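Quick notes on the structure that follows.
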Amino acid sequence: MSATVFFKVTSPLGPQTVTLSYARVGRGEPLLLLHGIGHHRQAWDPVVDILATEREVIAVDLPGFGASPALPDGLAHDLPTMNAALGALCEALELERPHVAGNSLGGLLALELGRERLVRSVTALSPAGFWTQNERRYAFAVLSGMRRIAERMPPPLVEHLARSAAGRWALTSTIYARPGRRSPEAVVAETLALAGATGFAETLRAGITVQFTEDVPGIPVTVAWGARDRLLFPRQGVRAKRIIPRARLVRLPGCGHVPMNDDPALVARVILDGSRATG
């Protein structure tokens, strides 16, 4: 069941109300799930039921994505604002230092929350921010192209393509290594979510100067990378390990940039193992 939460975040124009949509399921220590740019919280659906056997899982639509509106005037879609918003979200939902797992943009946000000591463990799946400038430009060009295609495709055409494995490959092979495993309904929903993401352009612009360069000391960190990631290449995981030397670096065989659907059992195990570790 989805729900909506409202909370205040400080801005140059004074306190602004942020609205986020989320789903909460399971019992145990809290685990916050953060999706990538242009996606929505349903990206985590393949692993939520497994995670919920051991954790209270809170999957969030980030501002301007999924069912969450963009940030109000005075709040930028940048890392400091997102840190503040996610910290305020945890307070509003009474999550005291949850575990956090994130993919792509969500992985970068998870690491930022870890650096701020707002969470008790971090699992980052193909996190943004460990790129060279050429790699960043390539990834942003691919993402922008995916966005333009999604915006221009009539929903009936999306639905028609999603009915076949070849159509699902055409729509989602950039982010999934095994797009045929994604259900037609999920492919339609995420294509429409990408087209309607009101925070996409500003979030992408804010990422132009992003580079993750600091260690995340004092808490368990797992960095996992799909071996078949075609958007953020696996070699970026080696850089992440250099910057966060105590992190556990995990290879995800047969997985693409969004690995949760490619191998749900493996990804869920990596997240749960990471949240059981001690710093």
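In this text, all values refer to a predicted model and were calculated from it rather than measured experimentally.
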Residue [X] excluded, over 12 heavy atoms near [atom1] under 6.0 Å:
{"X": "Asp273", "atom1": "CG", "answer": "yes"}
{"X": "Gln133", "atom1": "CD", "answer": "yes"}
{"X": "Gln211", "atom1": "CD", "answer": "yes"}

task = Kindly state whether the ring of Phe140 and the ring of Trp131 have centres lying under 6.0 angstrom apart.
result = yes
ask   = Quick check, are the ring centers of Phe233 and Tyr138 under 6.0 angstrom apart?
value = yes
Measuring only between side-chain heavy atoms, which start at C-beta, is [X] closer than 4.5 Å to [Y]?
{"X": "Arg41", "Y": "Ser21", "answer": "yes"}
{"X": "His35", "Y": "Trp44", "answer": "yes"}
{"X": "Leu86", "Y": "Leu109", "answer": "yes"}
{"X": "Thr53", "Y": "Arg27", "answer": "no"}
{"X": "Glu91", "Y": "Phe7", "answer": "no"}
{"X": "Ile149", "Y": "Arg152", "answer": "no"}
{"X": "Leu252", "Y": "Trp225", "answer": "no"}
{"X": "Val5", "Y": "Tyr22", "answer": "yes"}

request  = Begin with the C-alpha distance, continue with both residues' side-chain angles, and end with the deciding distance and a verdict on salt bridge (charged side-chain N to carboxylate O under 4.0 Å, His left out) for Glu112 and Arg115.
outcome  = CA-CA 5 Å; Glu112 286 284 333; Arg115 198 172 52 77; 2.6 Å; yes
Should [X] and [Y] be regarded as members of a common hydrophobic cluster, given that ILVMFWY residues are connected when their side-chain heavy atoms come within less than 4.5 Å of each other, either directly or indirectly?
{"X": "Ile37", "Y": "Leu125", "result": "yes"}
{"X": "Ile175", "Y": "Leu143", "result": "yes"}
{"X": "Val210", "Y": "Val223", "result": "yes"}

Interatomic spacing from [atom1] in [X] to [atom2] in [Y] - rounded to 0.5 Å:
{"X": "Ile58", "Y": "Leu31", "atom1": "CD1", "atom2": "CG", "answer": "7.0 Å"}
{"X": "Asp45", "Y": "Arg182", "atom1": "CG", "atom2": "CZ", "answer": "6.5 Å"}
{"X": "Leu113", "Y": "Met82", "atom1": "CG", "atom2": "CE", "answer": "8.5 Å"}
{"X": "Thr19", "Y": "Phe6", "atom1": "OG1", "atom2": "CZ", "answer": "4.5 Å"}
{"X": "Arg55", "Y": "Ile50", "atom1": "CZ", "atom2": "CD1", "answer": "14.0 Å"}
{"X": "Ser173", "Y": "Arg168", "atom1": "OG", "atom2": "CZ", "answer": "12.5 Å"}

Closest non-hydrogen atom pair between [X] and [Y], with its separation:
{"X": "Val216", "Y": "Val221", "answer": "CG1-CG2, 3.8 Å"}
{"X": "Thr222", "Y": "Gly274", "answer": "OG1-CA, 3.7 Å"}
{"X": "Pro127", "Y": "Gly107", "answer": "CB-C, 3.7 Å"}
{"X": "Arg230", "Y": "Thr174", "answer": "CB-O, 4.1 Å"}
{"X": "Ser11", "Y": "Gly74", "answer": "CB-O, 3.3 Å"}
{"X": "Val270", "Y": "Ala224", "answer": "CG1-CB, 4.1 Å"}

May I ask you to decide if [Y]'s main-chain N or O and [X]'s side chain share a donor-acceptor pair within less than 3.5 Å?
{"X": "Ser126", "Y": "Ser104", "answer": "no"}
{"X": "Thr81", "Y": "His77", "answer": "no"}
{"X": "Ser275", "Y": "Leu272", "answer": "yes"}
{"X": "Asp61", "Y": "His40", "answer": "no"}
{"X": "Asp262", "Y": "Gly256", "answer": "yes"}
{"X": "Arg147", "Y": "Ala195", "answer": "yes"}
{"X": "Lys8", "Y": "Val18", "answer": "no"}

task = Given salt bridge (charged side-chain N to carboxylate O under 4.0 Å, His left out), test Glu54 with Arg276 step by step and report yes or no.
result = CA-CA 10 Å; Glu54 295 189 34; Arg276 294 189 196 108; 2.7 Å; yes
message = Quiz question: by atom type and distance under 3.5 Å, do the side chains of Asp229 and His257 form a donor-acceptor pair?
response = yes
inquiry  = If the condition is side chain to side chain contact (heavy atoms under 4.5 Å, CB included), which residues does Leu161 pass it with, not counting sequence neighbours?
reply    = Met153, Leu157, Leu171
query = For Ser121, which of His99, Arg97, Glu29 qualifies under side-chain hydrogen bond (donor to acceptor under 3.5 Å, both in side chains)?
reply = His99
ask   = Are any of the side-chain nitrogens in Arg239 or Glu135 under 4.0 Å away from the carboxylate oxygens of its partner?
value = yes
request  = Identify the residue among Glu190, Met146, Arg178 that makes a side-chain contact (heavy atoms from CB on, under 4.5 Å) with Thr172.
outcome  = Glu190
